[in-house]
Amino acid sequence: MDTASENKCFGGTQGVYTHASSACGCEMTFGLFLPAEAQDGPVPLLWYLSGLTCTHENAMTKAGAQAWAAEHGIALVFPDTSPRGEDVADDEAYDLGKGAGFYVNATQAPWAPHFRMWDYVAEELPALLGERFALDMERQAITGHSMGGHGALTLAMGLPGRFCSVSAFSPIAHPTQSDWGRKQLGAYLGEDHATWATHDATLLMRETGFDGPILIDQGSDDQFLELLKPEALAEAMAARRQEGSFRMQRGYDHSYFFVSSFMEDHVAFHADALYAK
């Protein structure tokens, strides 16, 4: 693992690191914020998964999460959204290929050799973090925005017992019934729709739910509402009587202005769950 940069940040350190990924078959980059408390021992970890077109850097510099994480003594990890490199398959469209890994393990050509973001986020990167940094891997939580909200919810429900809590900002909530989902799941996983179900937060909520608290924030003026389908997830949460909150925030759109406006709430929400364990 190589250190690309480390900067003092709210009493802690915001680092950017690169490493050779066996899951993705290429070099991967991630950001990691360690609060001051990490100098004295392992601290809880909050994952932030980003959306379409993003790298590790977008949320790291725009979401305003470090201030609130420092207040609660929580680390933040910002993974990239896809594999990168000259030999990694790509597409001319912004919503497929590089920057659009969708947090799945691709099985179809030309994506299968590198697009294994589920394994990267679920297995490889946690192992690396636990080995190299002062992190309490028994206390993890996860959040994300848009495609990253989809990833946060599906990972949380797909890995029972891993995360104390899950939240999302404007997640792609029902991808098997949306053009933001059918296109990518078909390309990466093929046309067997049974394999898609484990990557659909609404279907997972109907089937199993989450064994902890959930917080969803959605802007009422989001320009992508028809693609996100938040009402499907809200209905599934209500039908299951899932512990948690779904909040429609009046006047907010899909941008990082929206995310940063409610980041304090989300970090505090996760801190309550992480320190209750």
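All residue numbers refer to positions in the sequence shown, counting from 1. What you see is a predicted model; the values in this text were computed from it and never measured.
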J.: If you take the centroid of each ring, where Trp contributes its six-membered ring, are His199 and Trp196 closer together than 6.0 Å?
T.: no

J.: Which pair of non-hydrogen atoms, one from Met117 and one from Thr81, has the smallest distance, and what is that distance?
T.: CE-C, 3.8 Å

J.: Determine whether more than 12 heavy atoms belonging to other residues, nucleotides or ligands lie under 6.0 Å from atom CD of Glu207.
T.: no

J.: Among all residues two or more places apart in sequence or in another chain, which pass the side chain to side chain contact (heavy atoms under 4.5 Å, CB included) test with Asp80?
T.: Met28, Thr55, Arg84

J.: Side-chain donor-acceptor pair under 3.5 Å between Glu6 and Tyr17, yes or no?
T.: yes

J.: Please name all residues satisfying side chain to side chain contact (heavy atoms under 4.5 Å, CB included) with Asn105, sequence neighbours left out, ordered by chain then number.
T.: Arg116, Trp118, Asp119

J.: Do Ser167 side-chain atoms and Thr143 backbone N/O form a donor-acceptor pair below 3.5 Å?
T.: no

J.: Is there a donor-acceptor pair closer than 3.5 Å between any side-chain N or O of Thr13 and the backbone N or O of Gly15?
T.: no

J.: Would you check if the side chain of Glu123 reaches a backbone N or O of Tyr120 as a donor-acceptor pair within less than 3.5 Å?
T.: no

J.: For the pair Arg247 and Asp265, find out whether any cationic side-chain nitrogen is under 4.0 Å from an anionic carboxylate oxygen.
T.: yes

J.: Linking I/L/V/M/F/W/Y whenever their side-chain heavy atoms sit closer than 4.5 Å, directly or via other members, would Phe115 and Ile172 fall into one cluster?
T.: yes

J.: For Ser146 versus His254, what's the shortest heavy-atom pair and its separation?
T.: OG-NE2, 2.9 Å

J.: Strictly distance-based, threshold 3.5 Å: is any side-chain N or O of Thr3 a donor or acceptor partner for the main-chain N or O of Ser5?
T.: no

J.: Without swapping roles, check the side chain of Gln177 against the backbone of His174 for a donor-acceptor pair under 3.5 Å.
T.: no

J.: Find out if a path of hydrophobic residues (ILVMFWY) with successive side-chain heavy-atom gaps under 4.5 Å connects Met237 to Leu153.
T.: yes

J.: For Ala63, give me all partners under side chain to side chain contact (heavy atoms under 4.5 Å, CB included), at least two apart in sequence or on another chain.
T.: Ala59, Tyr256, Val259, Met263

J.: Quick one: closest heavy-atom pair of Pro213 and Cys164, and the distance?
T.: CD-O, 3.4 Å

J.: Quick check against the 3.5 Å criterion: does Glu71 have a side-chain atom that pairs as donor or acceptor with the backbone of Glu264?
T.: no

J.: I'd like to know if the side chain of Arg240 reaches the main chain of Met205, judged simply by a donor and an acceptor atom lying under 3.5 Å from each other, with no hydrogens or angles considered.
T.: yes

J.: Pick one: which of Tyr252, Phe169, Trp68 meets ring-ring contact (aromatic ring centres under 6.0 Å, His included) with Phe262?
T.: Tyr252

J.: Which residue, Glu27, His114, Glu124, forms the side-chain hydrogen bond (donor to acceptor under 3.5 Å, both in side chains) with Ser21?
T.: Glu124

J.: If I compare all heavy atoms of Pro230 with all of Ala173, which pair ends up nearest, and what's the gap?
T.: CA-CB, 4.2 Å

J.: In plain terms, say whether Lys98 and Glu92 are close enough for a salt bridge, that is, a side-chain N and a carboxylate O under 4.0 Å apart.
T.: no

